[in-house]
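The next block holds one structure in the form of structure tokens; read it before the comments.
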Amino acid sequence: MPTSSRSSEGGTRRAAAAALLTPGLLALGVSFVVPLVWLARMSLNRTVGPAELQPDVSLSSYVDVLTDGFMWEVAWHTLWLGVLVTVLAVAVSYPIALFLARTRSRLRGLLMALAIAPLLTSSVVRTFGWLILLSDDGIVNSALSTLGIIGEPLTLTNNVTGVVIALVEIMMPYAILAMIAGFGRVSKDLEDAAGSLGAGRLRCFVRITFPLSLPGVLTGALMVFVLTVSAFITPRLMGGGRVFVIATEIYDQATTTLDWPRASALAVLLLLLFGVFLVLYQRLFRMVEGR
Amino acid sequence: MEDAYLALSKLTKTYPNQPRSAVHDVDIDVARGEFISLLGPSGCGKTTTLRMIAGLIAPTSGHIRVGGTDITNRPVHKRDMGLVFQSYALFPHMSVGENVDFGLQMRRVAKSERRRRVADALDMVHLAHLANRRVSQLSGGQAQRIALARALVVEPTVLLLDEPLSNLDAKLREELRVEIRRIQQETGITTVFVTHDQDEALAMSDRLVVMSEGRVEQVGEPWAVYETPENRFVADFIGRTNMFDGRVAGQSDGVLRLEVDGLGTLSVRAARTGGATATVMVRPHRVRIDPAERTANELKGRVVQSSYLGDVESVVIDVNGTRVTAERTHSGRPLTAGATVALGWGDADAYVIPQ
Ligand SMILES: Nc1ncnc2c1ncn2[C@@H]1O[C@H](COP(=O)(O)OP(=O)(O)OP(=O)(O)O)[C@@H](O)[C@H]1O
Ligand SMILES: [Mg+2]
């Protein structure tokens with residue numbers, strides 16, 4: 001009797017779960033899986049001329065991409081930008097996230113909203129904002145030259161510097177959110193215990209708080225890295241066409257060169273790169289979470 | 001107290017934006033090697049007091065002294081106090097051994113000595129075999145033993161425990177209660193133990209501090225607090241009790257006669273003189289049902305409710321509209337509601353509450 005009632009209960013629960021999951025899975029399937037399959041299929045076609053493709057099952061686009069020196073340079077550049085922005089964004093966001101995760105202030109909700117408020121504007125708008133701030137006659141340069149700190153305006157736009165500055169700021173809300181979510185093990189009791197055992201503030205941070213916050217740092221880093229490496233608008237606008245990353249390259253191949261198989265092959269390769277980082281992340285996460 | 005080792009004087013804490021202070025003018029003296037319990041209802045300021053001693057909360061006013069030295073403004077990591085939490089607070093990213101080792105590392109103790117002391121501390125709580133375990137693989141009882149070892153391995157001046165047994169089941173709680181007391185007596189460490197479980201406090205402590213709403217209501221040995229509570233709050237909070245308010249009708253030969261509505265005139269041994277009214281208290285187990293011999297206070301009543309608890313039977317009896325609770329230990333059938341019974345107690349079984 002108990003077993004039969006339990007299994008029928010489990011059955012209804014499973015049915016309910018399936019019913020609840022179906023809309024989401026359908027949406028994901030239509031908006032994500034189908035295009036992805038289509039993309040993978042496209043990457044196997046062959047380009048015979050501009051905008052002219054021949055249905056095929058060939059790896060020629062991959063061979064083209066992987067034997068192209070410029071592509072390797074772009075890939076390297078993308079990776080390097082991703083790592084740099086990740087390190088900077090996580091470093092700048094860490095104290096903010098730690099503060100927000102631990103404060104018991106009544107203003108916590110408000111501060112939290114402020115920290116993630118930038119997400120309310122699109123990254124296009126924010127990039128334009130940075131363009132205005134950082135351009136040769138922008139606020140930053142005119143302030144610096146008025147103060148006599150610089151003679152010539154600094155080149156902060158149309159180059160990698162501008163891209164990095166804008167991307168770091170754009171990524172901060174994501175980094176903060178992801179880190180707060182990952183700070184679950186940071187606890188006041190543990191810090192108090194360390195204090196009572198003789199650890200001053202610095203040693204308490206180094207030995208207790210920081211190690212316990214690592215899962216959050218990793219999650220934040222993965223989030224920023226993935227978003228940075230796939231970022232298109234900011235490198236395009238802030239870089240003024242002089243900063244090449246995989247995302248801008250895919251765009252150019254797809255819209256300018258009209259080599260769709262090549263663009264698709266690049267997209268698939270980028271996806272593989274994400275896969276590699278996801279595995280790396282899981283390894284590291286298990287390491288910092290586990291012991 | 002002359003020989004106070006840990007002395008709190010006029011200790012007060014008012015949290016920001018709070019109208020009332022959480023702890024108010026608390027004076028407690030703890031002798032060296034003494035085990036003292038802070039006992040009181042939820043929110044009475046036990047944790048606040050303990051954390052002020054530990055240095056985790058800054059007092060609004062007042063002083064804390066250890067061995068004659070004022071440490072009121074000393075930061076937590078320089079106080080040298082062992083702290084044990086209800087939540088165990090073991091470091092999850094370290095092994096059991098590393099947890100116990102942490103305080104020694106902070107004190108820059110030499111490695112060989114550290115190894116020896118960690119082993120000794122784990123031996124003390126009988127968990128030497130768990131040194132390499134991960135903290136997440138410990139049971140609650142084991143975790144709290146490790147937390148105790150971690151706090152004691154550095155040989156702190158004072159051991160502070162905040163409801164260390166509250167997360168454990170009843171059987172384990174009793175076991176660990178005995179264990180903590182044993183270790184405390186072996187090491188002779190001055191201990192402040194916070195609990196809202198009075199059985200725990202009565203069983204473990206040299207002295208109790210009963211608190212209510214941020215104030216100390218009574219300090220004394222467990223039996224003294226139980227037998228001679230200084231006020232209504234303590235009488236009511238420690239153990240079960242019957243309390244009757246009455247008018248003083250006379251006093252002779254150390255016996256006070258008190259008029260109580262419904263119960264008539266009660267006599268109780270008391271040195272008290274003066275005052276037109278008084279409150280008398282009788283513990284339920286002192287009230288005898290159908291007493292075989294004559295008693296100083298004899299009443300008749302109707303059983304309202306009887307709860308059979310195995311070792312005792314708790315009976316609520318209505319005496320002319322006043323309820324009296326009695327407990328009897330016996331073998332046999334419990335009383336049924338509606339039955340008429342005689343009850344009584346001697347004049348030495350009752351006690352006049354001073355305030
Ligand atoms: N950080 C704080 N800010 C404001 N008020 C506080 C704070 N911490 C505690 N209080 C208040 O101070 C009073 C005493 O709290 P405390 O934690 O010392 O009680 P307690 O005796 O330990 O209670 P419990 O048995 O529930 O643990 C309570 O009224 C509580 O609401
Ligand atoms: Mg408490």
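Everything quoted here is computed from the prediction, not taken from an experiment. Side chains are part of it too, since the values below use all heavy atoms of this structure and drop only hydrogens, waters and symmetry mates. Naming: A, B, ... by sequence-line order, numbering from 1 per chain.
Contact annotation for B:L83: both backbone and side-chain heavy atoms come within less than 4.5 Å of a heavy atom of chain A. For B:L90, the part sitting under 4.5 Å from any heavy atom of chain A is the backbone (N, CA, C, O) and nothing else. Only the side chain of B:F85 comes within contact range of chain A, with at least one heavy atom under 4.5 Å from a heavy atom of that chain. At a 4.5 Å heavy-atom cutoff, the contact between B:N17 and chain A is made by side-chain atoms alone. Proximity to chain B (any heavy atom under 4.5 Å) is shown, for A:L190, by both the backbone and the side chain. Residue B:R150 touches chain A through both its backbone and its side chain, counting heavy-atom pairs closer than 4.5 Å.
Within 6.0 Å of atom CZ in B:R182, more than 12 heavy atoms from other residues, nucleotides or ligands are found, so the atom counts as buried in its surroundings. More than 12 heavy atoms of other residues, nucleotides or ligands lie within 6.0 Å of CG in B:D169, so this atom counts as buried by the packing criterion. Other residues, nucleotides and ligands contribute over 12 non-hydrogen atoms within 6.0 Å of the NE2 atom of B:H126. Within a 6.0 Å sphere centred on CZ of A:R201, heavy atoms belonging to other residues, nucleotides or ligands number 12 at most.
When all heavy atoms are compared, the tightest approach of B:A89 to A:A193 is O-CB, 4.0 Å. The shortest heavy-atom contact between B:S87 and A:D189 is OG-OD2, 2.7 Å. In plain terms, the two heavy atoms of B:M106 and A:A199 that are nearest each other are SD-CB, 3.6 Å. Taking both residues in full, the closest heavy atoms of A:R185 and B:P92 are given as NH1-CB, 3.9 Å, listed atom of the first, atom of the second, then distance.
By the 4.5 Å heavy-atom criterion applied to side chains, A:D192 and B:R51 are counted as neighbours. Looking at A:I208 and B:M94, their side chains come closer than 4.5 Å, going by heavy atoms from C-beta outward. B:L56 is not listed as a side-chain neighbour of A:S196, based on a closest heavy-atom distance of 4.5 Å or more.
Going from atom CZ of B:F91 over to atom CG of A:L212 covers 9.0 Å, rounded to the nearest 0.5 Å.
In this structure, B:H93 contributes its side chain and A:R207 its backbone to a donor-acceptor pair below 3.5 Å.
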